[in-house]
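What follows is a single structure, written as structure tokens, with notes after it.
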Amino acid sequence: MTTEQRIVEPRLLRGFRDYLPAQMNARQKMIATIRQVYERYGFLPLDTPAQEYRVTLMGYGEENTKQIFGFINPEEEDVALRFDLTVPLARVVAQYPDLPLPFRRYQVAPVWRADKPDPGRFREFLQFDLDSVGVSSNAADVEILCGMYDTLRALGIEHFKVRFSDRKVLNSLLDFAGIPREMAHGVFRVLDKLEKVGLENISAELTTGRTDVSGDKIPGLGLSAAAVDRIKEFLAMPRGKRKDVLADMSKLFARVPSAVEAVTELQFMCDALDSLAIPDEQVALDLSIARGLDYYTGPVFEAILTDAPEFGSVFGGGRYDGLVERFLGRKIPAVGASIGVDRLFAAMQKLGLVHLVPSTAQVLVTVMEPARMHDYLKLARMLRAEGINTELYLGEESGLGKQLQYANRLQIPVAIILGSDEFAANEVTVKDLLLGASLQDRKKNAKGKERDEYLVLSRKAQVKVAASECLACVREILSRPRPA
RNA sequence: GCUGGCGUAGCUCAGUUGGUUAGAGCACCAGAUUGUGGAUCUGGGGGUCGUAGGUUCAAAUCCUACCGCCAGUACCA
């Protein structure tokens, strides 16, 4: 190696992202909103480590290692980064038998998946889960659905759709169509693509296969025409109100014994949602949804933003009555759902639903006389003690214009100006930067009546008050109504 | 993973059949204005042309490989 300096290129790993302050402010607000809803339902906080033993995450005999970030640790143990929060929850429930059941917890934490990044799909992303463990009643499922509905509304999203179904419906469909249960996984995977590729492509994939637009061959599942006809019959049922969908289904599956359970469960949930006046438009019974995870055993849920369907499911979950069994040897029922915070955030950003604020400060104390820095420090401390977020300008350059420009860029609403004049008179100048900014444009054209108005406003935009009045003046400006 | 497209300034892009010293807009910095944000004007800094190799008198331009991004598709416990 030579002594020449080698610059390290600053760059990110594929699928990983930085969140700069403006985005972080918005993201943290979003997280706080979600947490508030979950706590309103009485869910309890939990955290677990990012790393687990690989076998904890994957169980025995499962081969799918593609999506997992795994490695060997210094103790030569086979470990991995968690890929969701549900499996660690199951581990916790099994590991702490003293936890009172039902255990209802929320958890917000990053998870990692090593698959190909897509819009709103990252390799490291934040999940925000809520789960009820130890409840077999479908009341728990209804509460999860309500929680999803309330959360999306609390986030200010108007156009969303929560859809739910039941794994048992699809199992009954297999019976109805005379398809062996072993093919369930393959069939569900194809059905899941209905909205994306359409009915014709689906029936091709179920039978002989097809060639997609890129020229790739997709092998068929080899189902009989009769079976596919039955599936089509199922898919052709009209969408609409929950109770109508349910009625159609029980009619179609009248001769399928296994369907009784699914009908009972969904009946309970639909009745409950009706009695809670949760609108059909936003929480719909949609029998075609499958969801990828194998561990779901009952009701399944997912939510999309109807204005950004390309982001896919932003909030999904279901009942997984068999998962805790992996660690305990006996079944403990559980149901939950998970928000993909980063995916939802990306979708909301695209829809313009995210309000980016670059600063946390409400007031910038500018520095005119660096020699009197102690006075500036004191002023900032006083404001902070009063609960006002205050930044003291610490930049090297001292021009006032510079400092105001800084405040402007960070959208800090108030500046305090304190120079030799003010010191001499024991005063401070307090400036309303938002009002001031709106005057900047008017200044040059102002004339006549407009000019009078301008003069009135400019007197409000910047006032000189006795030092003892500084706090009251800042508070008055911060309380002024602002256009959203 | 597969197929295709694209990589030129912080950002968006132009750059002729290969031909002098690679350009523009926006952004940034400074000054006009040494105590006031915007606009304007003037000036300024910024580029291994994704990386490495090859063809050529000559490569941002052509060829090969790799990396990255985008789209589609597959996979998604």
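First the proteins, then the strands, lettered A, B, ... as listed; each starts at 1.
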Any side-chain N or O of A/Arg14 less than 4.0 Å from the OP1 or OP2 oxygen of B/G68?
no

side-chain contact (heavy atoms from CB on, under 4.5 Å) partners for A/Glu77, two or more places apart
A/Tyr53, A/Asn73, A/Glu75, A/Val79

Distance criterion of 3.5 Å, no angle test: do you see the side chain of A/Arg121 paired donor-to-acceptor with the base of B/C76?
yes

Please write out the pairs of protein N or O atoms and N or O atoms of nucleotides 27-33 of chain B separated by less than 3.5 Å, giving the distance to one decimal.
{"from": "B/C28", "atom 1": "OP1", "to": "A/Arg409", "atom 2": "NH2", "distance (Å)": "3.0"}
{"from": "B/C29", "atom 1": "OP2", "to": "A/Arg409", "atom 2": "NH2", "distance (Å)": "3.3"}
{"from": "B/A30", "atom 1": "OP1", "to": "A/Lys402", "atom 2": "NZ", "distance (Å)": "2.7"}
{"from": "B/A30", "atom 1": "OP2", "to": "A/Lys402", "atom 2": "NZ", "distance (Å)": "3.2"}

If you measure from the Lys or Arg side-chain nitrogens to the Asp or Glu carboxylate oxygens, is any gap between A/Asp84 and A/Arg113 under 4.0 Å?
no

Using side-chain contact (heavy atoms from CB on, under 4.5 Å) as the criterion, list what pairs up with A/Ser338, not counting sequence neighbours.
A/Gln127, A/Asp129

Charged N to carboxylate O below 4.0 Å: is that the case for A/Asp321 and A/Lys331?
no

For atom NE2 of A/His185 and atom P of B/C75, their distance in whole Å:
9 Å

By a strict heavy-atom criterion of less than 4.0 Å, which residues belonging to residues 462-475 of chain A are in contact with RNA chain B?
A/Gln462

Quick one: label A/Gln411 by what it contacts on the DNA or RNA (base, sugar-phosphate, nothing), any heavy atom closer than 4.0 Å.
nothing

Could you tell me whether A/Thr366 contacts a base, only the sugar-phosphate backbone, or nothing, with contacts defined as non-hydrogen atoms closer than 4.0 Å?
nothing

What distance, rounded to whole Å, do you find between the two C1' atoms, one in B/U36 and one in B/G43?
24 Å

Applying side-chain contact (heavy atoms from CB on, under 4.5 Å), can you list everything that pairs with A/Pro110, at least two apart in sequence or on another chain?
A/Arg82, A/Trp112, A/Glu124, A/Leu126

Who are the side-chain contact (heavy atoms from CB on, under 4.5 Å) partners of A/Val357, not counting sequence neighbours?
A/His355

Strand partner of B/C66, provided both Watson-Crick or wobble distances fall under 3.5 Å:
B/G50

With a 4.0 Å cut-off, would you call A/Glu265 and A/Arg319 a salt bridge?
no

Under a 3.5 Å limit on both distances, the Watson-Crick or wobble mate of B/A27 is none

A/Asn408 has a side chain; which of B/C76, B/G1, B/G37 sits nearest to it?
B/G37

Under 3.5 Å: donor-acceptor pair, side chain of A/Asp78, backbone of A/Ile72
no

Relative to each other, are the rings of A/Phe128 and A/Tyr106 parallel, tilted or perpendicular (30° and 60° limits)?
tilted

